[in-house]
Amino acid sequence: MSRPLPRALLTLLPLGLAAVLGMLPTLPAMLGPLTERTPGAPPMATLLAVTAAQLTVLVALSVAAGAWAAPRAGFRSRLVDRDWAALRADTRAALLPGLLTGAVIVALDRLTGPLLGDAWARAAAGQERTLAVTVSGMLYGGIGEELQMRWALVSVLTVGFWRVFQRHSVRPTRAVILTAVVVVAVLFGIGHLGAVAALVPLTPAIVARTVLLNAVGGVVYGLLFTRRSLESAMVAHAVTHVAITALTLLL
């Protein structure tokens with residue numbers, strides 16, 4: 001049975017708005033290089049307002065799309081369902097995958113970094129894992145991106161693939177779900193190219209590295225979402241950012 005849209009909106013939209021607010025402190029550093037290279041660029045305050053508005057609309061649409069598609073695909077939100085016992089279990093189950101994903105991403109970053117050239121090395125040296133960056137990753141990555149990528153896109157693609165390719169099946173098969181997870185993970189990686197392009201010119205190696213590192217996380221979060229819940233994916237994603245910061249500072 002479909003979850004009522006109002007309940008999903010009332011439960012998940014405030015989380016999405018908090019994610020957008022968590023993103024704002026890091027936007028000047030991300031948008032600054034673009035404004036410096038763009039003659040006649042709007043003031044930073046205008047860019048922040050426009051970006052915040054766009055992200056808010058995107059999050060709201062994602063919540064609504066997921067509220068329609070997720071229950072049809074058999075996916076869950078423990079918060080929407082008010083299933084507190086399952087929420088606690090999913091939170092615990094997400095901790096180790098989140099930590100391991102962070103460790104894998106850091107290892108891949110260290111292995112591929114020397115292959116990306118001097119421009120990348122200079123750009124990477126200027127990107128510090130500050131508290132603001134970590135908190136932004138936990139909030140916008142852990143909440144906002146999971147609402148968009150897993151709750152909305154994985155759910156919508158699963159329903160779409162199911163009805164197009166296996167419409168005679170009672171429920172989406174594992175193959176359909178895994179295909180949706182992988183496709184969205186790759187799109188998740190591609191979606192990060194804009195932020196990278198603001199720092200350094202894109203090369204085939206940099207594109208491959210960006211897509212790979214983010215797709216690794218996307219697959220993990222997608223599997224947690226489809227097998228457990230939205231909140232499991234959110235927690236793992238947030239923990240990944242904590243692990244990346246901790247390992248970056250230690251190594």
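Computation of the quantities below employed the complete heavy-atom set of this structure, encompassing side-chain atoms and omitting hydrogens, waters and symmetry-equivalent molecules.
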| said: Quick one, Leu147 and Leu230 - any side-chain contact, counting heavy atoms below 4.5 Å? | reply: yes
| Any Val184 side-chain heavy atom under 4.5 Å of Arg150 side chain | yes
| request: Begin with the C-alpha distance, continue with both residues' side-chain angles, and end with the deciding distance and a verdict on side chain to side chain contact (heavy atoms under 4.5 Å, CB included) for Leu79 and Leu87. | output: CA-CA 7 Å; Leu79 290 173; Leu87 177 62; 3.8 Å; yes
| request: Taking all heavy atoms of Val181 and all of Val219, pick out the closest pair and write down the distance. | output: CG1-O, 3.9 Å
| said: Quick check against the 3.5 Å criterion: does Arg110 have a side-chain atom that pairs as donor or acceptor with the backbone of Ile105? | reply: no
| message | Please check this pair: side chain of Thr11 against backbone of Ala8, looking for a donor-acceptor N/O pair closer than 3.5 Å. | response | no
| message | Could you tell me if the side chain of Thr203 sits less than 4.5 Å from the side chain of Leu116, heavy atoms only? | response | no
| request: Might you point out which heavy atoms bring Leu224 and Ser232 nearest each other, and give the distance in Å? | output: CD2-OG, 3.5 Å
| message | Any side-chain to backbone donor/acceptor pair from Thr179 onto Ala175? Under 3.5 Å, distance only. | response | yes
| So, does Thr134 use its side chain to make a donor-acceptor pair with the main chain of Val242 at under 3.5 Å? | no
| Least distance between heavy atoms, Asn214 atom then Gly189 atom | CB-CA, 3.5 Å
| Can you check whether Thr226 reaches Thr158 side chain to side chain, under 4.5 Å on heavy atoms? | no
| said: Just by distance, no angles: are the side chains of Tyr221 and Thr240 close enough, under 3.5 Å, to form a donor-acceptor pair? | reply: yes
| Under 3.5 Å: donor-acceptor pair, side chain of Ser169, backbone of Pro172 | no
| said: Can you tell me how far apart OG1 (Thr173) and CH2 (Trp162) are? Round to the nearest 0.5 Å. | reply: 10.5 Å
| message | Ring-plane angle category for Phe225 and Trp151, please: parallel below 30°, perpendicular beyond 60°, tilted otherwise. | response | perpendicular
| Closest contact, heavy atoms only, Arg7 versus Asp81 | NH1-CA, 4.3 Å
| Under 3.5 Å, side chain of His237 to main-chain N/O of Gly141, donor-acceptor pair present? | yes
| field | Step-by-step side chain to side chain contact (heavy atoms under 4.5 Å, CB included) determination, Phe75 to Ile177 | value | CA-CA 10 Å; Phe75 306 146; Ile177 294 172; 4.1 Å; yes
| Salt-bridge present (Arg78, Asp90; N to O < 4.0 Å) | yes
| Is Leu213 linked to Leu99 within one hydrophobic cluster, defined over Ile, Leu, Val, Met, Phe, Trp and Tyr using a side-chain heavy-atom separation of less than 4.5 Å? | no
| query | Which heavy atom of Ala185 sits nearest a heavy atom of Gly218, and at what distance? | reply | CB-C, 3.7 Å
| Counting only N and O atoms by type, is there a donor-acceptor contact under 3.5 Å from the side chain of Arg167 to the main-chain atoms of Phe165? | no
| said: Are the side chains of Glu145 and Met23 in contact, using a 4.5 Å heavy-atom criterion? | reply: no
| request: Quick one: closest heavy-atom pair of Leu139 and Ala19, and the distance? | output: O-CB, 3.3 Å
